[in-house]
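One structure below.
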Amino acid sequence: MTAHRRLTATGGTLLALALTLAGCTSSGDDAETAAASSSAAAASSAEAAAAKPIEWQDCSSQIDPIIAGRPGADRDLAFQCGTTTVPVSYEDPTGGTLQLFLVKATLAGQVNRIGSLVVNPGGPGQSATDAAIQSALTLPTDVLGRFDVVGVDPRGVGLSDPAVECISDQQKDELSAADPRATDAASLATAFGRVDAVADACAEKYGDALGAFDTVDSARDMDLVRQSLGDEQLTYLGYSYGTTLGSTYAELFPDRVRAMVLDGAVDPDMGQQQSAEAQAQAFEAAFDAFAANCTSLVSGCPLGFDPRLFVTDLLNQAAAAPIPSSRPGETRQATPGLVLEAVRSALYQPSAWPQLTQSLANARNGDAAGVLTLADTYTGRNDDGTYTNVVDANVAVTCADTDEEFTREQVGALVTDWGTRYPLFGADAALGLYTCSAWDAPRTPLPARDAAGSAPIVVIGTQGDPVTPVVGAADMAADLASGVLLTWQGSGHTAYPKTACVTAAVDAYLIDLVVPQDGLTCPA
């Protein structure tokens with residue numbers, strides 16, 4: 001199974017947060033006993049669900065040591081952690097409940113506070129509470145001076161209870177290590193078998209309750225949280241998959257949107273096959289940009305005159321004899337799958353390119369420590385060999401959101417085709433299409449989203465985004481009745497607040513509701 005290799009999220013998650021803040025949560029109802037998810041057609045039932053209070057407590061003393069030394073940690077910030085409950089099923093809002101975990105960051109000295117800025121970093125499966133902490137360190141102080149930053153771990157994710165956990169650490173290690181370039185019949189049969197084993201384990205543990213972890217119901221949850229926060233309308237900043245969640249909210253509750261920024265938009269017009277191929281193309285282009293940057297260095301490129309050939313040779317080297325690591329206590333060796341995980345991880349942001357270059361060069365010389373570090377950052381693997389539930393939640397939400405399925409024969413043909421056309425990332429992207437075909441759970445497909453009646457929604461695309469190709473932002477802005485397109489001519493996944501032009505436009509919109517000119521393009 002390779003769906004985890006297509007995760008979309010911002011970087012820099014605070015993995016230690018879960019361990020430090022676990023004591024702030026209390027147990028909710030187990031997903032095994034929860035009812036199945038409601039359907040998208042039951043929007044009126046959401047009106048019957050009552051917002052519950054958020055039980056807040058100060059958790060600055062737990063978070064401050066985690067962020068110490070990070071850029072922005074010198075800001076005068078206070079953190080609160082909280083929980084609230086939402087219905088498992090909006091068709092039966094008086095039935096079972098799920099517990100959501102929240103973090104709120106407040107900058108001292110706020111003046112003319114507007115309300116809460118709710119953030120989601122994507123995935124699906126990435127922790128929004130981590131994102132709130134990171135946003136408090138990185139967002140412009142002009143924004144923090146007017147908003148509390150609030151992250152809500154969606155149902156099934158992070159510290160919300162229950163979090164989806166049905167893929168063992170051993171399975172995740174095997175999935176990450178598997179060589180996605182292996183396209184012969186026997187290798188494909190083995191790969192399909194891994195996917196089936198994961199689907200069987202998750203179905204056995206959760207049954208139909210797996211269907212509750214869908215985006216439509218997470219959007220409904222977000223409206224209850226908005227009410228609990230005391231905001232008349234929602235102000236929202238969503239990245240990557242967070243644009244899917246945000247646009248779904250706007251479709252369900254268009255009159256409740258105050259301001260919404262969707263950065264790195266997931267294309268709402270593409271099916272799974274088209275989206276997977278577009279992402280494979282985008283990652284290939286991002287690798288070419290990385291290679292061109294390396295070979296342009298005055299000091300010379302450590303990967304030689306042809307970085308693509310270097311990586312291909314390294315993959316063959318790792319296939320013949322997995323590469324050991326000098327990291328203390330590390331027993332794993334770098335396989336082709338882990339090398340590609342490392343490459344993919346670093347292509348999210350150009351700031352990681354130097355680390356990737358050095359890690360690949362070291363691996364060629366027999367030390368894969370840097371490669372494993374990059375790969376682990378991508379998959380949510382902790383130093384002790386355990387994992388966060390990013391992969392589990394990613395698969396559960398992704399499959400709950402679609403009714404598309406592909407046969408083994410269809411996937412096998414695409415693996416061969418895309419493996420030729422997109423040599424580094426194509427076979428892996430094609431193999432991922434089988435994931436939801438094996439998934440046994442109720443589905444709540446995403447609705448069409450025009451959000452008619454919503455306030456203006458700003459959609460941002462980045463020309464060199466390897467994860468959510470820029471065409472997705474154009475399509476989403478065109479689909480949304482009030483969509484406004486803002487394009488950054490830069491590289492990497494998402495744009496705000498990386499560049500002055502984008503930052504100025506978004507800040508003015510969030511604070512004063514000054515809508516950018518539709519079609520505005522910001523230079524790199």
Side-chain angles (χ1 to χ4, degrees), residues 1-7 9 11-16 18-19 66 69 167-182 187 190-191 194 283 286-287 290-291 294 301-304 306-392 423-425 427-428:
M1 190 184 81
T2 57
H4 63 294
R5 291 194 175 111
R6 297 189 287 115
L7 296 175
T13 57
L14 303 175
L15 297 177
L19 298 176
I66 297 174
I167 309 175
S168 71
D169 293 338
Q170 180 181 350
Q171 284 177 309
K172 290 173 184 175
D173 276 345
E174 292 173 354
L175 293 167
S176 295
D179 188 346
R181 306 171 306 152
S187 297
T190 299
R194 293 191 188 99
F283 268 110
F287 183 87
F290 157 74
C294 190
C301 177
L303 307 184
D306 187 346
R308 182 177 285 271
L309 177 62
F310 183 99
V311 170
T312 300
D313 289 343
L314 183 62
L315 292 170
N316 292 334
Q317 175 185 336
I323 305 167
S325 167
S326 65
R327 194 159 64 182
E330 181 61 76
T331 59
R332 290 175 302 159
Q333 297 180 326
T335 62
L338 288 167
V339 171
L340 281 175
E341 293 279 28
V343 173
R344 193 190 311 271
S345 177
L347 291 182
Y348 270 67
Q349 301 297 345
S351 59
W353 290 358
Q355 181 184 0
L356 175 61
T357 299
Q358 192 60 54
S359 297
L360 293 174
N362 290 346
R364 183 67 175 270
N365 292 327
D367 182 7
V371 162
L372 294 179
T373 296
L374 284 170
D376 292 351
T377 299
Y378 187 66
T379 58
R381 191 181 196 272
N382 301 314
D383 289 342
D384 62 0
T386 62
Y387 283 80
T388 66
N389 85 317
V390 168
V391 174
D392 315 62
L424 291 179
F425 305 105
D428 194 21

4.5 Å side-chain heavy-atom contact, [X] and [Y]:
X    : Y    : value
V343 : L360 : yes
K172 : T379 : no
T335 : D179 : no
T190 : R194 : yes
F283 : L424 : no
I323 : V371 : no
Y387 : I167 : no

Tell me whether [X] contacts the main-chain N or O of [Y] through its side chain, where contact means a donor paired with an acceptor under 3.5 Å.
X    : Y    : value
S345 : L374 : yes
D428 : P180 : no
N382 : D384 : no

Contact summary for [X] and [Y], nearest pair of heavy atoms:
X    : Y    : answer
A352 : A346 : CB-O, 3.7 Å
R327 : R332 : NH2-NH2, 3.0 Å
A361 : P302 : CB-CB, 4.3 Å

Please lay out, stage by stage, how N316 and R181 fare under the test side-chain contact (heavy atoms from CB on, under 4.5 Å). CA-CA 10 Å; N316 292 334; R181 306 171 306 152; 3.2 Å; yes
Supply the atom-to-atom distance [X] [atom1] to [Y] [atom2], rounded to the nearest 0.5 angstrom.
X    : Y    : atom1 : atom2 : answer
C294 : F287 : SG    : CZ    : 9.0 Å
L356 : L303 : CG    : CG    : 7.5 Å
D392 : Q171 : CG    : CD    : 9.0 Å
T377 : L372 : OG1   : CG    : 10.5 Å
L309 : D313 : CG    : CG    : 4.5 Å

Measure from NZ or CZ of R344 to the centre of the six-membered ring of F425 and say whether it is under 6.0 Å with the direction within 45° of the ring axis.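 Here R344 fails the 6.0 Å and 45° test against F425.
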Worked check of salt bridge (charged side-chain N to carboxylate O under 4.0 Å, His left out) between D306 and R308: CA-CA 5 Å; D306 187 346; R308 182 177 285 271; over 6 Å; no
Qualifying side chain to side chain donor-acceptor pair (under 3.5 Å) pairs with a residue from residues 350-359, counting only residues at least two apart or across chains: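 Sorted pair list: Q358-N362.
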Around atom CG of D383, are there more than 12 heavy atoms from other residues, nucleotides or ligands closer than 6.0 Å?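 No.
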Do we see a donor-acceptor contact under 3.5 Å between the side chains of R381 and S176?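 No, no side-chain donor-acceptor pair sits under 3.5 Å.
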